[in-house]
Each structure stands twice: as structure tokens, then as C-alpha cells.
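Just so it is clear: chains get the letters A, B, ... in the order the sequence lines come, proteins before strands, and each one is counted from 1. Atom set for the values below is all heavy atoms of this structure, side chains included, hydrogens, waters and symmetry mates excluded. All values reported here derive from a predicted model rather than from experimental measurement.
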There are 2 protein chains.
Amino acid sequence: MNSFLGTYSISLDDKGRFNVPAKFRSALEQFGPQLVVCVMDHYLVVFPQNEWSENEVKLSDLNAFDKNDRNRLREFYSKATECEMKSGKILLPANQREIAGLNKEAILVGMSKTFEVWSPEEWHKQGQA
Amino acid sequence: MNSFLGTYSISLDDKGRFNVPAKFRSALEQFGPQLVVCVMDHYLVVFPQNEWSENEVKLSDLNAFDKNDRNRLREFYSKATECEMKSGKILLPANQREIAGLNKEAILVGMSKTFEVWSPEEWHKQGQA
DNA sequence: AGGAAAGTGTCTTAAAGTGTAACTTTATGT
DNA sequence: ACATAAAGTTACACTTTAAGACACTTTCCT
């Protein structure tokens, strides 16, 4: 399994960690446990580190001294956090959990090269639309 | 962990120091504790020393005999200060804290090779825009 | 020199993060 | 269907981190 597919309903422990489903774990182990978690609207997107780097390359021709470019860079970077799979688990940063409305339960959604983390509430909302 | 990512809400002590978040610390230790802090609009930008050098290279192709370029360079250099991470903490220079409106609290924003320091007020302002 | 202000190191405490193991549920093979 | 294995959940002890306090040092000014 080298890509993220399918929908999983998982539970978070009291510190906000979840066990990575077995089918996702192999993909993560292949790319290394380093991840970048990024906030999108009302859900989170988890990038394996290599996948994130590709996005970053696209931004590299922006000028860090140009105000507009700088704002775009900030928009992108400020929502991201590095994290790591440890002992088969991922701890989502507290501020991101809060933004995504995550509590005891979450929905993982495979998106091939990345996967998403939704609160059950948001997930059902977007299912309706 | 080799880059600055994410947004952190931190507190300054009575002397204006803050604890560097663990995820930033490893990146700083990699490049050495020497930093350059410079003022941008209403926030601060912290460069690890190596990254500062690279920026200097970029700035060096500005024309030292062109009045506008010269003004931009002066603007930039005159507000920059060297500082250092000591005992895991960074002391921001008093005049820079003042310009940035920093008091007891601050927002750190990772920008990959550098990170920014915002007052909560300014940060929320720019978040709206 | 004396005093005030700024800068520095270290400790304590509470909260956040981490590893492990036992237990429950789900899946698999015969 | 049953036994077995794998996956997922929960609990708990341990470690690390961040905030705040405080004492000590250095610098600067008069």
C-alpha cells in the first residue's frame, strides 16, 4: 500500500493522539514518519514530508522582501505544523485540533498522496452538500 | 526538524525573553544560536545567522549608488540587531519590542527558513485581511 | 563609587507529550 | 463456527516542555 485510500473512523486519546490505521501506516513508513499537518477550512490535511516539500518548491520563487509575496508565504506556512508518527501514533497539535473541532473522535479520509482529518460533525455537514 | 513551521502563542518574561518552542529549538541548534532580528512593518523577523548571510547576498545586487536602493538598504539594516539564544531563551531588544508593540504575549509564526514575532493585536489584524 | 536598569542562569510547578502494556474488537484461515 | 492473529482502544506512568519566579551579574549613568 503506497497511497492513502478510504475512510476511517478513529478515536483520539486524552492527549489528542490517534493510532494510524494499519493501511496508512505502511505508506507512512515508506516515506518516513515526518509529517506536516496543515489547516484547511475546517479540517486538517496531513502531508508526508516529501509531499509537503513538493508544495514548498512551488513557493520558492516568491520574494521574501515583497509584501504581497510575503503575505502569501505566511498564509501558507502559518497554518502548517511539523509532526511525527511515534509508536504508530500521531499527536495532532492542540491549536489545530481546536480549529478542526476535534474531540474524542475523528474521520480519516485518504486522498492518495495525503489524508485528511475531520471532526464527525464537519464530515457529515460536507457529506450533505 | 529543519525548518520553522506553525504558529505558537508564547509569553514574554518581565525582561522580554521568551522560551523558544521545542520544535523551533532543534532548527536553531542546527544552525547555531546566533540570530539577526529585523523589523518589518509591525512585526519582527528572526533570521538564523546562516539565513541572514544568504539574504545579504540577495541584497548585495542592489546598487549602492542608486538612491532608492540605498534607502531601502538603510531602512533594512538600521533596524536589524544581532542576538542569541541562551539557555533556550531569546531576549528581544527593547527598542524592537517597542516597535512591534510586544508586551507580555507574542505570536511566533514559522516561515520555513525564518520566523516572525507578532504582537497578538497586530496578528489578529492581519489575520482578518 | 553607588544605584538603577538591563541581562542571565536556574529552579519549581503545571501542563503537554510519549511509551508501554493490557484489554477489546475486528478480521482471517481452516 | 471456532481458534487465532491482527488491529484498535484505553489506561497509566514517565518524560519533556513552558511559564513564572527569583537571585545574581553586567552595564550604564550620574
Side-chain angles (χ1 to χ4, degrees), chain A residues 1 4-30 32-37 44 46 81-100 102-110 115 117-120, chain B residues 1 4-30 32-37 44 46 81-100 102-110 115 117-120:
Chain A
M1 194 77 61
F4 304 105
L5 287 179
T7 306
Y8 296 84
S9 167
I10 49 100
S11 64
L12 307 184
D13 69 16
D14 53 348
K15 304 299 177 60
R17 292 184 294 179
F18 64 91
N19 276 312
V20 179
K23 298 218 168 161
F24 283 12
R25 202 172 306 162
S26 49
L28 283 179
E29 276 160 1
Q30 180 186 345
Q34 299 295 340
L35 306 168
V36 176
V37 180
L44 308 178
V46 180
T81 310
E82 290 190 7
C83 71
E84 200 176 341
M85 180 171 69
K86 289 173 188 163
S87 313
K89 300 174 183 187
I90 293 173
L91 173 67
L92 297 169
N95 59 334
Q96 298 193 338
R97 289 205 304 276
E98 197 174 342
I99 295 172
L102 293 172
N103 211 342
K104 284 281 161 207
E105 312 205 324
I107 312 291
L108 300 187
V109 187
F115 65 92
V117 186
W118 293 72
S119 75
Chain B
M1 203 76 61
F4 304 105
L5 279 184
T7 305
Y8 297 85
S9 167
I10 49 102
S11 63
L12 307 183
D13 68 16
D14 52 348
K15 305 299 176 60
R17 292 184 295 178
F18 64 92
N19 277 312
V20 179
K23 295 209 171 170
F24 284 11
R25 204 173 307 158
S26 49
L28 283 180
E29 277 160 0
Q30 182 185 344
Q34 300 294 340
L35 306 169
V36 177
V37 180
L44 308 179
V46 180
T81 313
E82 291 190 7
C83 72
E84 200 176 341
M85 178 170 71
K86 289 172 188 162
S87 313
K89 300 175 182 185
I90 294 174
L91 173 67
L92 296 169
N95 60 329
Q96 297 192 336
R97 290 205 305 276
E98 198 174 342
I99 295 172
L102 292 172
N103 210 342
K104 284 281 161 208
E105 313 205 323
I107 312 290
L108 301 187
V109 186
F115 65 91
V117 186
W118 293 71
S119 75

- With sequence neighbours left out, write down each residue that passes side-chain contact (heavy atoms from CB on, under 4.5 Å) with B:E84, or none if nothing qualifies. B:P33, B:Q34, B:K86
- Mind checking side-chain contact (heavy atoms from CB on, under 4.5 Å) for B:E29 and listing every partner two or more places apart, or none if nothing turns up? B:R25, B:M85
- Would A:K23 and A:Y8 count as a side-chain contact (heavy atoms from CB on, under 4.5 Å) if you check the C-alpha gap in whole Å, the side-chain angles of each, and the deciding distance to 0.1 Å? CA-CA 10 Å; A:K23 298 218 168 161; A:Y8 296 84; 3.5 Å; yes
- Query: What integer distance in Å separates A:L108:CG from D:dA7:P?
  - Reply: 16 Å
- Query: In degrees rounded to 10°, what angle is found between the helical axes fit to the five outermost pairs at each end of the helix from C:dA1-D:dT30 to C:dT30-D:dA1?
  - Reply: 30°
- Message: Output the rounded distance in Å from NZ (B:K23) to P (D:dT17).
- Response: 11 Å
- Task: Using heavy atoms and a sub-4.0 Å distance, could you list which residues of residues 87-96 of chain B are near DNA chain C? By number, please.
- Result: B:S87, B:K89, B:L91
- Task: Would you please test B:L108 and B:V20 for side-chain contact (heavy atoms from CB on, under 4.5 Å) and show each step?
- Result: CA-CA 9 Å; B:L108 301 187; B:V20 179; over 6 Å; no
- Message: Is there a side-chain contact between A:V46 and A:V117 in this structure, where contact means two heavy atoms from C-beta onward sitting under 4.5 Å apart?
- Response: yes
- Item | Spacing between A:I107 atom CD1 and D:dG8 atom P, to the nearest angstrom | 14 Å
- Message: Let me confirm one number: the OG-CG distance from A:S11 to A:N103, rounded to the nearest 0.5 Å.
- Response: 12.0 Å
- Could you pull out all residues at least two apart from B:F18 that satisfy ring-ring contact (aromatic ring centres under 6.0 Å, His included)? none
- Query: Does the side chain of B:I90 come within less than 4.5 Å of B:N19's, by heavy atoms?
  - Reply: no
- Heavy atoms only: give me the nearest A:P120-A:I107 pair and the separation to one decimal. CA-CG1, 4.1 Å
- Message: Quick check for you: name the first and last nucleotides of DNA chain C, 5' to 3', having an atom under 4.0 Å from a heavy atom of chain B.
- Response: C:dG7 to C:dT10
- Task: With sequence neighbours left out, write down each residue that passes side-chain hydrogen bond (donor to acceptor under 3.5 Å, both in side chains) with B:R17, or none if nothing qualifies.
- Result: B:D13
- Message: Among residues at least two apart in sequence or on other chains, which ones pass side-chain hydrogen bond (donor to acceptor under 3.5 Å, both in side chains) with B:T81?
- Response: B:Q96
- Task: Rounded to the nearest 0.5 Å, what's the gap from CH2 on B:W118 to CG on B:L102? Could you check?
- Result: 11.5 Å
- Message: What residues from residues 9-18 of chain B pass a heavy-atom cutoff of under 4.0 Å to DNA chain C?
- Response: B:K15, B:R17
- Task: Answer yes or no: is there a side-chain heavy-atom contact under 4.5 Å between B:D14 and B:K104?
- Result: yes
